[in-house]
Student: 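Let me give you the structure first, and then I'll get to my questions.
As a basis for the values below, the full set of heavy atoms in this structure was taken, side chains included, without hydrogen atoms, waters or symmetry mates.
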Amino acid sequence: MNETIKKLDAEARRLLGHGFRELEAEERRVILQIIRRAAIARNIADETDEAMTFGQRLADRVAEIGGSWSFIIGFLIFLTIWAGLNGLILTRTGLKPFDPYPFIFLNLILSMVAAIQAPVIMMSQNRQATKDRAAAEHDYEVNLKAELEILALHEKLDALRNRELADMTAHLIVLSGLSKDAERRAQGGQAEAEA
């Protein structure tokens, strides 16, 4: 266990410049996933949708319907029929309108709908904000892991390049030595031929 903590701490210091215990929860999860060589991406929307209560689903559905053009158009048709029935049709046919102008009963119904609908929509918006925060935190974790993995790849490529440069330098030194030996032998052969 102590060895694992040392490994986490060393990796955190190498990648982020801070000890493992000094990191935020998201950064700790990323370091753990890097050490485990595991994927960090997951579908946050599915996780939050599965955890929803009946009330949260209902609030989302009410907000979805109440914020749609179908609802607005349907409600405009309802208001037009209500006003037309009570303001024109019933009065012209000699019948007593059930909600005469200024439509006090309609105002009461609209106020009650608004009083119920507004808090339900706010509940849905609060839940959506929580869902968005979770998605943003997850995006941060994925982006951080990707960035750290890219940095690790750069380090590996730099180390590989440095090793190749060292190998090439060593080969050049050997070739240079062989070339000088060959040159000396050639000069020695010329001197013997001239003598």
Student: Between Ile72 and Leu79, is there shared hydrophobic-cluster membership here, with clusters defined by ILVMFWY side-chain heavy atoms closer than 4.5 Å?
Tutor: no
Student: Honestly curious: do Ile116 and Ile109 fall in one hydrophobic cluster under the side-chain, below-4.5 Å linking rule?
Tutor: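 No: no chain of side-chain contacts under 4.5 Å links Ile116 to Ile109.
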Student: As an exercise, state the distance from CZ of Arg133 to OG1 of Thr130, rounded to the nearest 0.5 Å.
Tutor: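 It is 4.5 Å, given to the nearest 0.5 Å.
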Student: With a 4.5 Å cut-off on side-chain heavy-atom distances among I, L, V, M, F, W and Y, is there a chain of contacts connecting Val142 to Ile44?
Tutor: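 Val142 and Ile44: separate clusters.
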Student: How about Ile31 and Leu8: do any of their side-chain heavy atoms sit closer than 4.5 Å?
Tutor: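 Touching, per the 4.5 Å side-chain cut-off.
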Student: Heavy-atom count around Glu24 CD within 6.0 Å, excluding the residue itself: above 12?
Tutor: no
Student: For a quick check under 3.5 Å, do His138 and Arg42 share a side-chain donor-acceptor pair by atom type?
Tutor: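 Arg42 and His138 do have a side-chain donor-acceptor pair below 3.5 Å.
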Student: So Arg21 and Ile5, do their side chains get closer than 4.5 Å, heavy atoms only?
Tutor: yes
Student: So, for Ala12 and Gly19, which heavy atoms are closest and what is the spacing to 0.1 Å?
Tutor: CB-C, 4.1 Å
Student: Between Asn86 and Leu106, is there a side-chain heavy-atom distance shorter than 4.5 Å?
Tutor: no
Student: Any carboxylate oxygen within less than 4.0 angstrom of a Lys/Arg side-chain nitrogen, looking at Glu64 and Arg61?
Tutor: yes
Student: Quick one: CG on Leu148 to CD on Glu155, what's the gap to the nearest 0.5 Å?
Tutor: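 It comes to 9.5 Å.
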Student: Group every Ile, Leu, Val, Met, Phe, Trp and Tyr by side-chain heavy-atom contacts under 4.5 Å, then state whether Phe103 and Leu108 land in the same group.
Tutor: yes
Student: Given side chains that start at C-beta, do those of Arg37 and Glu149 come closer than 4.5 Å, heavy atoms only?
Tutor: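 The answer is yes; the side chains approach within 4.5 Å.
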Student: Take atom CZ in Phe98; do more than 12 heavy atoms of anything else shown fall under 6.0 Å from it?
Tutor: yes
Student: Donor-acceptor pair, distance only, cut-off 3.5 Å: does the side chain of Ser179 make one with the backbone of Leu175?
Tutor: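 No, the answer is negative, given that no donor and acceptor are paired below the 3.5 Å cut-off.
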Student: May I ask you to decide if Ala134's main-chain N or O and Glu137's side chain share a donor-acceptor pair within less than 3.5 Å?
Tutor: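 Absent.
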Student: Are the side chains of Thr53 and Leu58 in contact, using a 4.5 Å heavy-atom criterion?
Tutor: no
Student: Mind checking whether Val30 and Glu27 have side chains closer than 4.5 Å, heavy atoms only?
Tutor: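 No; the side chains remain at least 4.5 Å from each other.
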Student: Using side-chain heavy atoms (C-beta onward) and a distance below 4.5 Å, is Ser111 in contact with Val113?
Tutor: no
Student: Looking at residues at least two apart in the chain, or sitting in another chain, which of them share a side-chain contact (heavy atoms from CB on, under 4.5 Å) with Arg127?
Tutor: Met52, Gln56, Asp60, Lys131
Student: May I ask you to decide whether Lys6 forms a salt bridge with Asp9, counting only side-chain N to carboxylate O separations under 4.0 Å?
Tutor: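 Result for this pair is no, no salt bridge flagged.
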Student: What distance do Arg185 atom CZ and Leu178 atom CG have between them, rounded to the nearest 0.5 Å?
Tutor: 8.0 Å
Student: Quick one: salt bridge (Lys or Arg N to Asp or Glu O under 4.0 Å) partners of Glu147, sequence neighbours excluded?
Tutor: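 Expected list: none.
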Student: Counting distance only, does the side-chain N/O of Arg28 pair as donor-acceptor with the main-chain N or O of Phe20 below 3.5 Å?
Tutor: yes
Student: Take Glu22 and Arg13, measure what side-chain contact (heavy atoms from CB on, under 4.5 Å) needs, and give me the verdict at the end.
Tutor: CA-CA 10 Å; Glu22 299 169 22; Arg13 286 192 189 286; 3.8 Å; yes
Student: Of all residues at least two apart in sequence or in a different chain, which pass the side-chain contact (heavy atoms from CB on, under 4.5 Å) check with Leu95?
Tutor: Leu90, Thr93
Student: Mind checking side-chain contact (heavy atoms from CB on, under 4.5 Å) for Phe71 and listing every partner two or more places apart, or none if nothing turns up?
Tutor: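 Listed in chain order: Ile65, Ser68, Phe75, Gln117.
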Student: State which residues pass side-chain contact (heavy atoms from CB on, under 4.5 Å) with Ile77; sequence neighbours excluded, sorted by chain then number.
Tutor: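 By the side-chain contact (heavy atoms from CB on, under 4.5 Å) rule, Ile77 matches Ile73, Ile81.
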Student: For Ser124 and Val120, indicate whether the former's side chain and the latter's backbone hold a donor-acceptor pair under 3.5 Å.
Tutor: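 No; zero donor-acceptor contacts below 3.5 Å.
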Student: Using side-chain heavy atoms (C-beta onward) and a distance below 4.5 Å, is Arg184 in contact with Asp181?
Tutor: yes
Student: Restricting to side chain to side chain donor-acceptor pair (under 3.5 Å), what partner residues turn up for Glu11, sequence neighbours left out?
Tutor: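 Counting only residues at least two positions away or on another chain, Glu11 forms a side chain to side chain donor-acceptor pair (under 3.5 Å) with Arg14.
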Student: For residues Leu144 and Ile150: do they belong to one hydrophobic cluster (side chain heavy atoms under 4.5 Å, members Ile, Leu, Val, Met, Phe, Trp, Tyr)?
Tutor: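 No: no chain of side-chain contacts under 4.5 Å links Leu144 to Ile150.
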Student: What are the two closest non-hydrogen atoms of Asp99 and Phe105, and how far apart are they?
Tutor: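 So the two residues come closest at OD1-N, 3.0 Å.
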